[in-house]
Amino acid sequence: MRILVIEDEEKTSAYLKKGLEESGYAVDVANDGADGLILALEEKYDVIVLDVMLPTMDGWAILKTLRASKATPVLFLTARDDVNDRVRGLELGGDDYLVKPFAFVELLARVRTLARRGPPRESELIKVGDLEIDVNRRKVRREGKRIDLTPREFALLRLLARKQGEVLSRTQIASYVWDMNFDSDTNVVEVAIRRLRAKVDDDFSVKLIQTVRGVGYVIDSKVTD
Ligand code: CA
């Protein structure tokens with residue numbers, strides 16, 4: 001298993017290299033964005049650990065360029081505990097993220113999961129009844145008609161669709177899509193679901209997004225009521 005660590009803080013990259021090597025991985029390090037991108041494109045890695053704030057080329061630009069041709073799993077590291085950063089990273093094709101500072105064991109667990117999962121199939125197409133979600137190209141169609149979603153609506157729909165038939169609680173949805181705890185206020189999720197329904201369900205007779213009262217939401221082509 002080969003890992004590429006793109007991280008400009010040399011103390012952090014040396015520490016990650018040492019820890020990952022002790023865990024049995026072969027590790028290359030790039031301390032600069034442009035160098036990291038070249039390695040990521042030219043070599044074959046099982047997982048890339050990508051810092052967002054980098055000299056010469058930031059993590060977003062690297063991710064965007066990389067995703068045009070490669071599906072290598074990417075764990076990105078954000079410095080700020082910022083929701084928009086995470087949504088942006090996931091929407092650009094990042095597979096998972098960690099907020100700095102993090103514990104090495106947590107990074108190792110994420111890397112293992114990504115390495116085990118491997119790259120996603122080149123075109124992941126999720127179907128829920130007549131709804132089609134092209135995950136990599138971020139295109140959504142229903143009965144062949146294109147539906148335009150905001151990045152966050154797309155993330156929400158993708159989450160529901162990947163777990164179709166499975167009821168997700170508001171808290172689960174909030175923690176995945178916004179990475180926040182909404183124990184006291186799940187209204188944000190309700191509002192987002194309402195907006196998503198307006199685009200995905202309102203014009204169609206079969207309603208795919210269903211409310212399970214007192215529990216949460218599920219997307220399913222089979223009406224359960
Ligand atoms: Ca950095």
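Ligands are counted one by one from 1 in listed order, and the atoms in each one are counted from 1 as well.
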Answer yes if the side chains of Asp28 and Tyr45 hold a donor-acceptor pair under 3.5 Å, and no otherwise. yes

What is the name of the N/O/S atom in Asp8 that sits closest to the Ca ion (ligand 1)? OD1

Of Asp203, Asp148, Asp202, Asp201, which is the lone residue that meets salt bridge (charged side-chain N to carboxylate O under 4.0 Å, His left out) with Arg142? Asp201

Steps toward side-chain contact (heavy atoms from CB on, under 4.5 Å) verdict (Val74, Leu66): CA-CA 10 Å; Val74 170; Leu66 181 72; 3.8 Å; yes

Strictly under 3.0 Å, is the Ca ion (ligand 1) approached by any N, O or S atom of Asp51? yes

Is Thr12 close enough to the Ca ion (ligand 1) to have an N, O or S atom under 3.0 Å? no

For Glu7, does its backbone N or O pair with a side-chain atom of Asn31 as donor and acceptor, under 3.5 Å? yes

